[in-house]
Engineer: 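This structure is in structure tokens; I'll ask about it shortly.
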Protein chains: 2
Amino acid sequence: MARILKMPLETTTRVAATTAPQDVLAEDAATFDVLRRMREDILCCVLKPDQRLRFGELRQRYDTSVGTLREALSHLVSEGLARTEAGRGFSVAPISLADFLDLSELRVYLETRTLADAIHHGTDAWEAEIVSAYFLLSKLKPPRTDDPVAVKREWAKRHKRFHDSLVATCTSPWSLHFRSELFDQARRYHWLTMIHARSRRPNEHLELRDAVLARDVDLSCRLIEKHIRTTVEQAASEVPGLTMDAGRPGKRRRG
Amino acid sequence: MARILKMPLETTTRVAATTAPQDVLAEDAATFDVLRRMREDILCCVLKPDQRLRFGELRQRYDTSVGTLREALSHLVSEGLARTEAGRGFSVAPISLADFLDLSELRVYLETRTLADAIHHGTDAWEAEIVSAYFLLSKLKPPRTDDPVAVKREWAKRHKRFHDSLVATCTSPWSLHFRSELFDQARRYHWLTMIHARSRRPNEHLELRDAVLARDVDLSCRLIEKHIRTTVEQAASEVPGLTMDAGRPGKRRRG
DNA sequence: TGTAAGCGAATTTTCGAAACTTCCCGAACT
DNA sequence: AGTTCGGGAAGTTTCGAAAATTCGCTTACA
């Protein structure tokens, strides 16, 4: 059996976060709340790629001031979920197959790296959280095209929690930070895939869970790699309009 | 330790740089200027690690409003150069040896990955820029402790330009993005090392330049890896007070 | 008919002040 | 002596409006 390190319970979920980069703006009440809601709206394509983000509409939608919006938008820009051009305001970051391929390649490295390290430093509490997160995920079937949005959102939430639980004991704050950013980026494409999904996939999460709990580093890494690559292939073949170019109609010409 | 997985870089097909993540907030005039100046001040430890960033002082120093400052600070937080706690405002991100070790490990991967890809896609213009950047760097000797700050800053600027030129033709926008963020993080530690440097190092940049221009991927990667690790070792042994913990001295009273 | 300039509306950017929270210090009480 | 409570100051967060800029439409002209 795998060797279980005895650690104080306190260090279960929070991993040696000594000098970790700060993923989140801090629970700054209003700003943080707006940021979270906007991020979710971009990830779930309520705010569509390349869509212009005017302050007038945003102010109405999120019921807040321009200053607060500006701060949240500024944060989204550094996460790569929004863009800004001097004098032209903000817009949702574009998507493209090239982008998805690129970020997925990096994801393969970061997910395997963090997962291997997490398995190495796994604890009982870590295993328990994985079991719990998988249980919650498995209670919902992967959503289909005609499922209501609320169901899709809940599934996406549990899906994220499961994957986060796998790497929770990784000891590299920077790896976790970048992994998290890329995972969120990928969520946009996952959402599109979910919307248009025709094919069904076998339960890769169960395999992954068992491999991780068995502390099989090689198998776990191979599974997560395959998991990522399969998703890319599925998106490439089943999401209409996901082309190699940025999908941005260069210059608007009249007519 | 931490063996580098040799990945098929070719799989990153021709990625048009169209969908690159936006490193920069955009040349938003005021905000961007303040952001750049603050970042430089943090990198060069004018604003010291863990230092509290009060709006009163900042407003005076950068001659701008709270709103603008807030936006710049918010951006620095997502870059990992600042922190914020609800209701307690902002502060400069702490430093520690653990942090430097962690980010350097990731840097080794990202620098080698981007460098290998850049060499594969190198052009004449790319080579020319490397030659030019190296020339400018070599005109200044690595600064010593007693050199004026302006000299140190200029050297740091040229040093960054040289390293940026090496990877300029890399086709992976996300890899470049994260490489850039980590390079800036490392600059804080480089600055500290420069301040306290006792030992001198051989001219690693010349070796690196020649290996890259010779399109020798393996040698180039080995050299950049050694370059990074040597810097870490030098900082660990020569920078006083750079310990493994977060180095956060609980309470700080102004004096 | 095509091009360029000009004007008005819409939008973004910047700012200073009001509202709110936290922190510090002294006084009263156990 | 130590602890708790309260008042005041310092600092942060949020907001709406003023200033600056861009965009689209109309008009003038070759």
Side-chain angles (χ1 to χ4, degrees), chain A residues 22 24-39 42 47-48 50-78 81-93 248-255, chain B residues 22 24-39 42 47-48 50-78 81-93 248-255:
Chain A
Q22 201 170 33
V24 145
L25 191 64
E27 294 149 24
D28 275 314
T31 302
F32 178 66
D33 196 57
V34 171
L35 172 63
R36 182 172 45 192
R37 281 200 289 160
M38 285 193 65
R39 176 160 40 205
I42 291 177
L47 301 174
K48 300 196 175 90
D50 277 310
Q51 178 179 336
R52 184 101 181 267
L53 297 169
R54 296 184 210 78
F55 283 96
E57 302 169 19
L58 261 48
R59 210 164 149 311
Q60 188 176 344
R61 177 181 248 274
Y62 299 104
D63 189 38
T64 186
S65 72
V66 269
T68 304
L69 279 171
R70 221 176 153 66
E71 198 176 327
L73 281 165
S74 164
H75 211 90
L76 287 170
V77 168
S78 21
L81 289 169
R83 312 246 139 167
T84 177
E85 214 172 328
R88 286 201 187 180
F90 296 81
S91 61
V92 179
R248 205 217 205 144
K251 285 225 172 185
R252 284 264 309 263
R253 304 200 81 175
R254 63 192 97 172
Chain B
Q22 203 169 31
V24 144
L25 188 63
E27 294 149 25
D28 274 313
T31 302
F32 179 66
D33 196 58
V34 171
L35 172 63
R36 183 173 44 192
R37 282 200 288 161
M38 285 193 66
R39 175 159 41 204
I42 292 177
L47 301 174
K48 300 195 176 94
D50 277 309
Q51 179 180 336
R52 183 105 181 264
L53 298 170
R54 296 186 209 76
F55 283 95
E57 302 169 19
L58 262 48
R59 211 164 145 324
Q60 188 176 344
R61 176 181 249 274
Y62 299 103
D63 188 38
T64 186
S65 71
V66 264
T68 303
L69 277 171
R70 221 177 155 64
E71 199 177 325
L73 281 165
S74 163
H75 211 89
L76 287 170
V77 168
S78 17
L81 289 169
R83 311 247 141 168
T84 176
E85 215 172 326
R88 284 201 184 182
F90 296 81
S91 61
V92 179
R248 199 194 200 172
K251 286 209 175 183
R252 243 278 168 82
R253 304 201 72 169
R254 77 155 68 103

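Here the structure is a predicted model, which means the values were calculated and not measured. In what follows, chains carry the letters A, B, and so on, assigned in the order in which the sequence lines appear, proteins first and then strands, with residues in each chain numbered from 1.
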Engineer: Do any side-chain nitrogens or oxygens of Arg88(A) fall under 4.0 Å of OP1 or OP2 in dT21(D)?
Structural biologist: no
Engineer: Just the rounded figure in Å: distance from C1' of dG11(D) to CD of Glu85(B).
Structural biologist: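 Going from Glu85(B) (CD) to dG11(D) (C1'), I get 15 Å.
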Engineer: Here's a test of your reading of the structure: between Gly67(B) and Arg52(B), which maps to the more 5' nucleotide of DNA chain D?
Structural biologist: Arg52(B)
Engineer: Where the side chain of Arg54(B) meets the backbone of Gly89(B), is there a donor-acceptor pair that is under 3.5 Å apart?
Structural biologist: no
Engineer: Can you figure out which of dT12(C), dT14(D), dT13(C) approaches the side chain of Arg70(A) most closely?
Structural biologist: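 Nearest to the side-chain atoms of Arg70(A), counting from C-beta on, is dT13(C).
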Engineer: Say whether, by atom type as modelled, one donor and one acceptor occur between the side chain of Arg52(B) and the main chain of Arg88(B) under 3.5 angstrom.
Structural biologist: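 Flag set: sc Arg52(B) to bb Arg88(B) pair under 3.5 Å.
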Engineer: Which nucleotide in the list dT14(C), dT12(C), dT14(D) gets nearest to the side chain of Val66(B)?
Structural biologist: dT14(D)
Engineer: Heavy atoms under 4.0 Å, any strand shown: does Leu58(B) hit a base, just sugar-phosphate, or nothing?
Structural biologist: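 No contact.
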Engineer: Between Arg59(B) and dC15(C), does any side-chain N or O lie under 4.0 Å from OP1 or OP2?
Structural biologist: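 For Arg59(B), the contact criterion (side-chain N or O under 4.0 Å from OP1 or OP2 of dC15(C)) is not met.
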Engineer: Does Arg54(B) place a side-chain N or O at less than 4.0 Å from the phosphate oxygens OP1/OP2 of dG11(D)?
Structural biologist: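 Yes, because at least one side-chain N or O of Arg54(B) sits under 4.0 Å from OP1 or OP2 of dG11(D).
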Engineer: Determine the contact category for Gly89(A): base if any of its heavy atoms lies under 4.0 Å from a base atom, sugar-phosphate if only primed atoms, P, OP1 or OP2 are that close, otherwise nothing.
Structural biologist: sugar-phosphate
Engineer: Quick one: does Val34(A)'s side chain get under 4.5 Å of Glu71(A)'s, heavy atoms only?
Structural biologist: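 SC-SC contact between Val34(A) and Glu71(A) ruled out.
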Engineer: Kindly point out which of dA17(C), dT13(C), dT12(D) is positioned nearest to the side chain of Phe55(B)?
Structural biologist: dT12(D)
Engineer: Measure the distance from CG on Asp63(A) to C1' on dC15(D) and round it to the nearest whole Å.
Structural biologist: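 Rounded to the whole Å, the gap is 12 Å.
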Engineer: Using whole Å, what does the distance between atom P of nucleotide dT14(C) and atom CD of Glu71(B) come to?
Structural biologist: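 After rounding, the reported distance stands at 7 Å.
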Engineer: May I ask you to evaluate whether Thr64(B) reaches the phosphate of dT14(C), defined as a side-chain N or O under 4.0 Å from OP1 or OP2?
Structural biologist: no
Engineer: Decide yes or no for Leu53(B) and Leu69(B): does some side-chain heavy atom of the first lie under 4.5 Å from some side-chain heavy atom of the second?
Structural biologist: no
Engineer: Measure from the side-chain heavy atoms of Phe90(A) and tell me the nearest of dT14(C), dT14(D), dT13(C).
Structural biologist: dT13(C)
Engineer: Does Thr68(A) put a side-chain nitrogen or oxygen below 4.0 Å from OP1 or OP2 of dT13(D)?
Structural biologist: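 So the side-chain polar atoms of Thr68(A) never come under 4.0 Å of the phosphate oxygens OP1 or OP2 of dT13(D).
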Engineer: In whole angstrom, give the distance that lies between atom CD of Gln51(B) and atom C1' of dG11(D).
Structural biologist: 16 Å
Engineer: Heavy-atom distance under 4.5 Å between the side chains of Asp33(A) and Thr64(A), does that happen here?
Structural biologist: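 Answer no - side chains too far apart.
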Engineer: Rounded to whole angstrom units, what separation is found between the CG atom of Leu69(A) and the C1' atom of dT11(C)?
Structural biologist: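 Those two atoms, CG and C1', are 14 Å apart.
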Engineer: Expressed in angstrom and rounded to an integer, what is the separation of Leu53(B) atom CG from dG11(D) atom C1'?
Structural biologist: 13 Å
